[in-house]
Q: 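Below you will find the structure I want to go over with you.
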Amino acid sequence: MKRPDIPIEINDHLLIYGKESWEIEYNEKCPLCGSRIDEFQSCACDAGGD
């Protein structure tokens, strides 16, 4: 999926995670908040299922 180019200076997601936001893999759901846990083990409640 090709997205519009975002200048590197303002692309915080790329600078922080090294990937564009649409490139992040999601695997399972957090048992605490029900949102998806991403490949960095983060979710909406920031517990990551712990």
Q: State which residues pass side chain to side chain contact (heavy atoms under 4.5 Å, CB included) with S21; sequence neighbours excluded, sorted by chain then number.
A: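 Listed in chain order: H13.
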Q: If every non-hydrogen atom of E39 is compared with every non-hydrogen atom of E25, which pair is closest and at what distance?
A: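 The answer is OE1-N, 2.7 Å.
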Q: Tell me whether Y26 shares a hydrophobic cluster with I16, the cluster being built from Ile, Leu, Val, Met, Phe, Trp, Tyr side chains joined at under 4.5 Å.
A: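 Result: yes, single cluster for both.
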Q: Using 0.5 Å steps for rounding, measure from the SG atom of C45 to the CG atom of L32.
A: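 Between atom SG of C45 and atom CG of L32 there are 5.0 Å.
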Q: What's the verdict on side-chain contact (heavy atoms from CB on, under 4.5 Å) for K19 and I24, showing C-alpha distance, side-chain angles and the deciding distance?
A: CA-CA 7 Å; K19 291 185 169 189; I24 303 299; 3.9 Å; yes
Q: Is there a donor-acceptor pair closer than 3.5 Å between any side-chain N or O of S35 and the backbone N or O of A44?
A: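 Yes, because the side chain of S35 sits within donor-acceptor range (under 3.5 Å) of the backbone of A44.
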Q: Begin with the C-alpha distance, continue with both residues' side-chain angles, and end with the deciding distance and a verdict on side-chain contact (heavy atoms from CB on, under 4.5 Å) for N11 and E20.
A: CA-CA 8 Å; N11 191 343; E20 297 287 0; 3.0 Å; yes
Q: Indicate if Y17 and W22 have the same hydrophobic cluster label, given that clusters are the connected sets of ILVMFWY residues with side-chain heavy-atom separations under 4.5 angstrom.
A: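 Not linked; separate clusters.
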